[in-house]
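As the structure is a computational prediction, the values presented were derived from the model and not from experiment. Order of the sequence lines sets the chain letters (A, B, ...), proteins ahead of strands, with each chain counted from 1.
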Amino acid sequence: MREIPMYDPAKIEKKWQKVWADNKAFAATNDYSKPKYYTLIEFPYPSGAGLHVGHPRPYTALDIVARKRRMQGYNVLHPIGWDAFGLPTENYAIKNHVHPAEITKKNIDHFRQQLQMLGFSFDYDREVDTTDPKYYKWTQWIFLQMFKRGLAYKREMPVNWCTGCKCVLANEEVVEGVCERCGSPVVHKQQSQWMLKITAYAQKLLDGLDEVDFIDRVKTSQRNWIGRSEGAEVDFALEGTGDKLRVFTTRIDTLFGATYMVLSPEHPYIEKYKDQIKNYDALMEYRAAAARKSDFERTEINKDKTGVEIDGLRAINPMTGTSIPIWISDYVLMTYGTGAIMAVPAHDERDWDFAKKFGLPIIEVVAGGRNVQEECYSDVATGTLVNSGFLNGMSVAEAKKAAVEYAQEHGFGERKINYKLRDWVFARQRYWGEPIPIVHCPKCGMVALDEKDLPLLLPEVKNYEPTETGESPLSKITDWVNCKCPQCGGDAKRETDTMPQWAGSSWYFLRYCDPKNDMALAAKEALEYWMPVDWYNGGMEHTTLHLLYSRFWNQFLNDIGVSPVSEPYKKRTSHGMVLAYAYETERDANGQVSPKKDENGNPILLLDDNGKPIIEKMSKSRGNVVNPDDVVAEIGADAFRMYEMFMGAFDQAIPWSTTGAAGCRKFIERVWRLQANLTEDEGLSNDMKASVHATIKKVSEDYDTLKFNTAIAQMMTLVNELVKKGSVTRGEYKTLLLLLNPVAPHVTEELWEMNGFGAPIYTQSWPEYDEAAMVKDEVEIAIQINGKIRGRVMVPASLTREQADTLREHPDVVKAVGDKQIVKFIFVPGRLLNIVVK
RNA sequence: GCCGAAGUGGCGGAAUGGCAGACGCAGGGGACUUAAAAUCCCCCGGCUCCGGCUGUACGGGUUCGAGUCCCGUCUUCGGCACCA
């Protein structure tokens, strides 16, 4: 046996990282004749805390895909960048009196160094940074294109106001009534806001989902969020006014059962008929109370309906001609439909609750064997129309059709599709974001900056603090705010809000195609070659935020001829979070929280009532954060990468296990030691041939389907076989190193070089498998009697159903069958023989 | 409430309708060692009269054969949530 040096990951990892960097081993080339493959991970927000063990999970996964594709001959674009605008940096700047740009630079350098430590095959020459004026010039440019086409507009409207961040939030950023970032309550506030008209793309965003390969839960979430709903709009005459009140309904079939109407508290008709309304003050009081409620409170008291009847205004049911009352209630939202509803308490849960509470009449119009005075009946699949004139006897579906046609003929209604999706609140009252390139001119109104004046740079400020009034810190920089109108040349003021954090990430995948272009956001040929992204992996938490926003921006850019594709991402997958075991904690002198240790120095696990370990998110305050730097120092980057992939199914959340990670280091050492048993044979030995080819197949397929844990398990099995055998041919070892390379790139390169296998692995081709070589001569099959295992027997792999008949004479079979009568004889080649007896 | 995903050893998890628990962690035993670590070998769901029996959340069903398919129930996690 050959003497081999010790495995020293610290040394060899640095060595190969330098080789890759010096040779630009992973640069995407602009050779448009080659087949391309574009892998994308969500670029990180470079926080001060640096990388945590959650980041490398998706990064390693797509690094494996990228490395494999390169070996398969693709021109691979595998870029990295920095989504660097955002609140944490700004808050840190405020606290420590440093410019956010300085902090950003420092954080980026730290992140880059950590990513390089892990050996990711990013093309670092294509880095983008959303806070770089050369980058945000184009973010501003896209905004201007939207502005020119009426897709960016400013309007006074009720918005979500985060009481913690002191700025407005998009609907997508409000989670269960609180701010998704800081957890502070969100309240409603009337404010003039920049909006992007994402609703104009609602249908397109929905349709696009049919043509892309996204995991189902992403598609489902986006569909639910867009919330398409088919129904009708119906006009109710307002008694004694000649005016009418329009509502949206999905149940026009129940129109005969509409016994009252409800307006949202903010409905404009309350102002319009102020003079006629006798209890105006009471209505105003209710409106004010509703506005004061945070979203959280609104949902908390969900089912308990409140409301006030409008005294002095009534409507006419267009079907029955009956006069019905009009109420206001906060269960009707101004932001959906027309802000008014017809209430059919018999067949709508919310209306039923409301009617019961306020003693309003409930009229059954769909018969379904239930007493609607006692219980609401909202089933549309069964049931027949009653008390509904010409609709009587119809099914719900038939009645919907007939009713809408009737309304159309009589001019009081029409078909209508509504979406839950709201326009995107696109402004933040903060400093560290892209300035909005708009000027407010007293004469010309809102005027776009000339494109040649982009980028509009962020001015230097001394104080980044947000203001209580809801104005951006930029508003205090008067020499920046005061400017000339680009249109008339007169005195004007700049817009002082900045864009939300989601702006820069809405198009970065386009910039990667041609990141240094000064003339356009990217060259046409580059976009045509690289787009769409072939495989995009990212967090589920971005499904109705970044992922939806960026699809919208790209569809817009496609419409104006900038992006060559309508859907930017061909395939979207999602990773599970890396969690942690909960430990008993203690606080040291510096206030750092760390796990409490028992007498053996092991951290003390927290258990639940059933004695199972508690699993939770990693957080500083729980003292359970695992730092990648420490892990790499302990077991090396290759073992770290491997454990990230081996720990469990890629899309499942998994707690980090230190001993589990150490197991991967042990496996790498096993591969390392295997070289001591190397023979001179360049080919595959006969008894290993089947296993090697089966491994190539399994690993190749599993890498493409994100089943990294089983790919690695398969390689472990192969290594176990080779260790047991005591010798390994050069051909076998080479194949193993090639297959393992995407997961553990450093050690495999080192072993490849040490054993004289030729040019580095990153220049080698991916191994091919041969189905025929996978067939073993003999296989063990199971013998079952009535489906129960009764023995195992070796048979030639090629054994056919006919030949299997001879197994009747096999002693085990004879013994198991005994004197019973054979009813059926089932043979599954290579698997089993099942004999049914009586 | 609605939508979605999932329930398999002590743990993470494997199993195109075909030998449940691959692979790894933890644990136990042995070899090597003055010793320890590392390494190598063996064992490792439960019960067992050592023949077997039983077992993939629970109850039914389809099938020669079900962790896998169908019906029902329970539980957990995730998303949406007064969207008319």
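- Atom name C1', nucleotides B:C53 and B:U48: the rounded distance is 8 Å, in whole Å.
- Ring centroids of A:Y643 and A:W656 are separated by less than 6.0 Å, placing the two rings close together.
- At a threshold of 4.0 angstrom between heavy atoms, the contacts of A:G663 are confined to the sugar-phosphate backbone, with no base atom among them.
- Checked against B:G18, B:G24, B:C3, the side chain of A:V828 finds its nearest nucleotide in B:G18.
- Glycosidic conformation of B:G9: syn, with the torsion inside 90° of 0.
- Each of B:A26, B:C23, B:A15 was ranked by its minimum atom distance to the side chain of A:K707; first place goes to B:A15.
- Taking 90° from 0 as the syn/anti boundary, the base of B:G78 is oriented anti.
- In this structure, the nucleotide among B:C82, B:C80, B:C11 sitting nearest to the side chain of A:Y331 is B:C82.
- Here the side chain of A:N834 is nearest to one of B:G79, B:G18, B:A84, namely B:G18.
- For B:C82, its base sits under 3.5 Å from the side chain of A:K305 at one donor and acceptor pair at least.
- We find the OG1-CG distance between A:T254 and A:D348 to be 8.5 Å, quoted to the nearest 0.5 Å.
- Separation of the A:F646 and A:F667 ring centroids does not fall under the 6.0 Å cut-off.
- Nearest nucleotide to the side chain of A:T710, out of B:C3, B:G13, B:A14: B:A14.
- With A:V671 as the fixed residue, the side chain to side chain contact (heavy atoms under 4.5 Å, CB included) test singles out one of A:L736, A:L718, A:D638: A:L736.
- Each of B:C80, B:G18, B:C82 was ranked by its minimum atom distance to the side chain of A:W225; first place goes to B:C80.
- Side-chain atoms of A:N224 and base atoms of B:C80 include no donor and acceptor less than 3.5 Å apart.
- Between A:S229 and the phosphate of B:A84, there is a side-chain N or O to OP1/OP2 separation shorter than 4.0 Å.
- In this structure, B:U34 makes no Watson-Crick or G-U wobble pair, since no nucleotide meets both defining distances under 3.5 angstrom.
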